[in-house]
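Scope of the values below: all heavy atoms of this structure, side chains included, with no hydrogens, waters or symmetry mates. All chains are named by letter (A, B, ...) in the order of the sequence lines, taking the proteins before the strands, and each is independently numbered beginning at 1.
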There are 4 protein chains.
Amino acid sequence: MDALPKSRTQSGRREQTKLQNRETILAAARQVFAEMGFAAATVRDIIRATPLASGTFYNYFKSKEEVYQALRDDVALAIRPRLREARLAAASREELLSGGFRTFFAFVAEQRGAPSAVPETSRFRMDSPEVLAGFAELRADLDTAIAQGLLPPVDAQVLAAALAGVAFELAERVKADGDVEAATGFATALFLGGINALPVRD
Amino acid sequence: MDALPKSRTQSGRREQTKLQNRETILAAARQVFAEMGFAAATVRDIIRATPLASGTFYNYFKSKEEVYQALRDDVALAIRPRLREARLAAASREELLSGGFRTFFAFVAEQRGAPSAVPETSRFRMDSPEVLAGFAELRADLDTAIAQGLLPPVDAQVLAAALAGVAFELAERVKADGDVEAATGFATALFLGGINALPVRD
Amino acid sequence: MDALPKSRTQSGRREQTKLQNRETILAAARQVFAEMGFAAATVRDIIRATPLASGTFYNYFKSKEEVYQALRDDVALAIRPRLREARLAAASREELLSGGFRTFFAFVAEQRGAPSAVPETSRFRMDSPEVLAGFAELRADLDTAIAQGLLPPVDAQVLAAALAGVAFELAERVKADGDVEAATGFATALFLGGINALPVRD
Amino acid sequence: MDALPKSRTQSGRREQTKLQNRETILAAARQVFAEMGFAAATVRDIIRATPLASGTFYNYFKSKEEVYQALRDDVALAIRPRLREARLAAASREELLSGGFRTFFAFVAEQRGAPSAVPETSRFRMDSPEVLAGFAELRADLDTAIAQGLLPPVDAQVLAAALAGVAFELAERVKADGDVEAATGFATALFLGGINALPVRD
DNA sequence: TATGAATGAGGCTTCATTCAT
DNA sequence: AATGAATGAAGCCTCATTCAT
């Protein structure tokens, strides 16, 4: 957290600061969660990574869980429209798959921030409303693609889970090596080849 | 002051008790983590779910993280030999894939315990040594399969990640619906069809 | 920059508002003290029961204690003149006693407000200046009555304490059952009979 | 609170200390409540008046309210048997009244501890089970006395309230001047004279 | 080894109060 | 005056851990 000087004399800062404090807290929380993991992090840790007073935290969030969800939602909110767009623009099965994967992995590569101090031995996923909405959206788009004939009539729910599983797992590699195209190529080829072999719905 | 053992069974009892205490703590921890999630659980919560005294906990574990890893390792230790066996017994690519997935999903279905009190909106994965060893083992087995000609010469590391991603994600569905065969069929078909399409190593 | 009053009514409105805010706070405090007890109540609770901002509270009161005293004083201020009048109008010892008790119990019955949310197992008495003045007034009136021959020359201070003790304790019953006349009859008879037996001052 | 040295070397002290800590806390609480009043006192204040660690408080009590009730109960537990005995030993109405008042006022005089630092402007009464039991006992004894003919058939409940009111109010004077006999004489005479004049039950 | 009371650090949260607007 | 976000002291309480028994 860069020191935002807290001196009272910079009164002009206050009016900006108002709801920008929220951003300050979110940034600090992102940092703290990355450094020590969500489970170990405390509200105090977040506050300490901030020039703000402890009480101020509670003007914005009720708990670290609420901050976490806000972060998640920010991410989901940022990535969802991009994914949507990529999928809707697809004119072929290959474009649907490669477009989705490439968009996702590119986003992951972008987010590669300060590498964790702790080698980060735990991963965590909180299915906030926004994240769940992202899943639902994926599934809906798959259904649309099936209707359009871009995909065979497979179980969209399960296919969505498989896509997400591969995406999240390969994302770990992208975080490490930043190679978006390799991951995209692999995942696209896998599903391009595999989808035809899937059992179709009755 | 050597022990004149009060009775032979007593010393036997003591050893048993020692092992039992460890199991008691692990069982309580499994329960507690399921009920309130890992992040919220405390050592005290685990002790309270036990007839033991607080100090006793520290004769067996140093922290809840250590308990968590022990649980993880127990799971990994239980599943790894089964997976190994399934993979080594495979005489065809189809057997390799379906055997591995079926073994994994069957294990997950077995473990489906009392559903969490908290709707459990977060999922954790702690890459303890045992879990990482499981990954390494998978990768080694893939390499062996490639050498045997059961698989084409793809990047085993990435394929392992994709297999794990699909396995873990579909595991959530198996936890929910218990349908091992459906998940096995889907995953096997996907990879059976997809593997041929994958880029091969140079 | 003298005020060109935007309208005459506005300045009138402002003064009214000022008084109204004080009343608003007192009313909220009465409510809050009744609902959660004095000890548990906080300034914030009082503010929250108000449409006003937190800072505004401090334009009127310094603390919850000050609010409490103001409430007390309001009560004492309301009851004292009535008690005074009742006692001064008394032409006989019976009238002196019954008039005083009846006035007091009638006031208590009037105040019986919404019953406390908390079963209220604690009772407070804060001897604010106004309350102490009420005591002094009672004592002075007793001295006057002694001088007038309405009462024998007993220790007015102690008699005042005994009267107050019975009055406050029976008040609890009146709060519960609202039976002003029963309490008045009992207390009057007790003192009417007892006063003659009291030791007289030397 | 006298400093009980907290050094670890005095290991012999520990076993005594075990449940004697409870007494330490109660003594500190008595002191603190007397000095700053119940409403203003905090758990921390009580702990600070103790050589104990903060966590230890919670091994014995859950809140200051619980401490207060324990104190109240101690008092009620100490005074009730004495009052009971005094009343049961009474062979005449005069003995019944004077015995009860004298016992109560003597107890109050005994308890006169360190005078409050703050002039103590608030009084507080928490009707814990023990206190309520004391009231019930008084009432039962009055009924017994009525049955024995020591008292006329008045409303025992209301008479009990009147007796308590006078007793508690005169107790304030006894706390101040310590004159047990004066208070006893006054109260006894008042009720001795007044009881005959009370309305009798139908 | 097991016990469980004691410890005190430290997390969580609210509070009274200030002060720039 | 009124507002209400910010402050940070401080209360509440639990926690992990120790250690005498």
Side-chain angles (χ1 to χ4, degrees), chain A residues 6 8-15 17-22 40-48 50-64, chain B residues 11 13-15 17-18 21 41-48 50-65, chain C residues 11 13-15 17-18 21 41-48 50-65, chain D residues 6 8-15 17-22 40-48 50-64:
Chain A
K6 66 194 287 193
R8 297 265 170 82
T9 62
Q10 313 216 356
S11 63
R13 188 68 59 95
R14 275 283 168 88
E15 62 252 37
T17 304
K18 271 271 186 63
L19 279 171
Q20 193 181 349
N21 278 348
R22 190 169 191 280
T42 68
V43 171
R44 281 193 85 178
D45 292 323
I46 299 170
I47 294 166
R48 276 199 283 258
T50 263
L52 303 173
S54 56
T56 304
F57 178 90
Y58 294 94
N59 291 342
Y60 295 94
F61 300 98
K62 276 212 272 283
S63 63
K64 70 166 173 171
Chain B
S11 78
R13 170 93 54 90
R14 193 169 291 169
E15 276 166 38
T17 298
K18 202 176 151 187
N21 280 350
T42 67
V43 171
R44 289 188 71 154
D45 292 323
I46 298 170
I47 293 167
R48 276 198 283 259
T50 263
L52 303 173
S54 51
T56 304
F57 178 90
Y58 294 93
N59 291 338
Y60 296 95
F61 301 98
K62 274 215 274 287
S63 64
K64 72 165 173 171
E65 277 76 16
Chain C
S11 80
R13 171 96 52 92
R14 191 169 290 169
E15 276 167 38
T17 298
K18 200 175 152 190
N21 279 351
T42 68
V43 171
R44 287 187 72 153
D45 292 323
I46 299 170
I47 292 168
R48 275 198 283 258
T50 262
L52 303 173
S54 53
T56 305
F57 178 90
Y58 293 93
N59 292 338
Y60 297 95
F61 301 98
K62 274 214 273 286
S63 64
K64 75 165 171 172
E65 277 76 15
Chain D
K6 65 193 289 193
R8 297 262 168 86
T9 65
Q10 313 218 354
S11 64
R13 187 70 59 93
R14 275 282 169 89
E15 64 252 36
T17 303
K18 270 272 187 60
L19 278 171
Q20 194 183 348
N21 279 348
R22 191 170 190 278
T42 68
V43 171
R44 282 194 84 177
D45 292 324
I46 298 170
I47 294 166
R48 276 198 283 258
T50 263
L52 303 172
S54 55
T56 304
F57 178 90
Y58 294 95
N59 291 341
Y60 296 95
F61 301 99
K62 275 213 274 285
S63 63
K64 71 168 173 171

Practice item. Please list, chain by chain and in numerical order, all residues satisfying salt bridge (Lys or Arg N to Asp or Glu O under 4.0 Å) with R48(C), sequence neighbours excluded. Key: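 R48(C) satisfies salt bridge (Lys or Arg N to Asp or Glu O under 4.0 Å) with D45(C) once adjacent residues are dropped.
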Does [N] have its OP1 or OP2 closer than 4.0 Å to a side-chain nitrogen or oxygen of [X]?
{"X": "S54(D)", "N": "dG8(E)", "answer": "no"}
{"X": "R44(C)", "N": "dC15(E)", "answer": "yes"}
{"X": "N21(A)", "N": "dA5(F)", "answer": "no"}
{"X": "N59(D)", "N": "dA6(E)", "answer": "yes"}
{"X": "Y58(A)", "N": "dA5(F)", "answer": "no"}
{"X": "R48(A)", "N": "dG11(E)", "answer": "yes"}

Study note, to complete from the structure: Residue set satisfying side-chain contact (heavy atoms from CB on, under 4.5 Å) with T50(C), at least two apart, ordered chain then number -> T24(C), A28(C), L52(C)
Review point. In whole angstroms, how far is the P atom of dG11(E) from the CD1 atom of I47(A)?
Key: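 Taking atom P of dG11(E) as the reference, CD1 of I47(A) is at 10 Å.
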Revision key, fill the gap. Atom CG of L52(A) and atom P of dT7(F) are separated, to the nearest Å, by 6 Å
**Study point:** Sugar-phosphate only, base, or nothing, as touched by K62(B) at under 4.0 Å among non-hydrogen atoms
**Key:** sugar-phosphate
Review point. Looking across every strand, which nucleic acid part, if any, lies under 4.0 Å from T56(C) by heavy atom: base, sugar-phosphate, or nothing?
Key: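 The answer is base, as T56(C) lies within the cut-off (heavy atoms under 4.0 Å) of a base atom.
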Check your understanding: So what's the dot-bracket for DNA chain F: Watson-Crick or G-U pairs under 3.5 Å, [ ] if a pair crosses, | if it pairs off-strand?
Key -> .||||||||||||||||||||
Check your understanding: Can you tell which of dC12(F), dA5(E), dT7(E) lies closest to the side chain of Y60(D)?
Key ->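 Closest nucleotide among those given: dA5(E).
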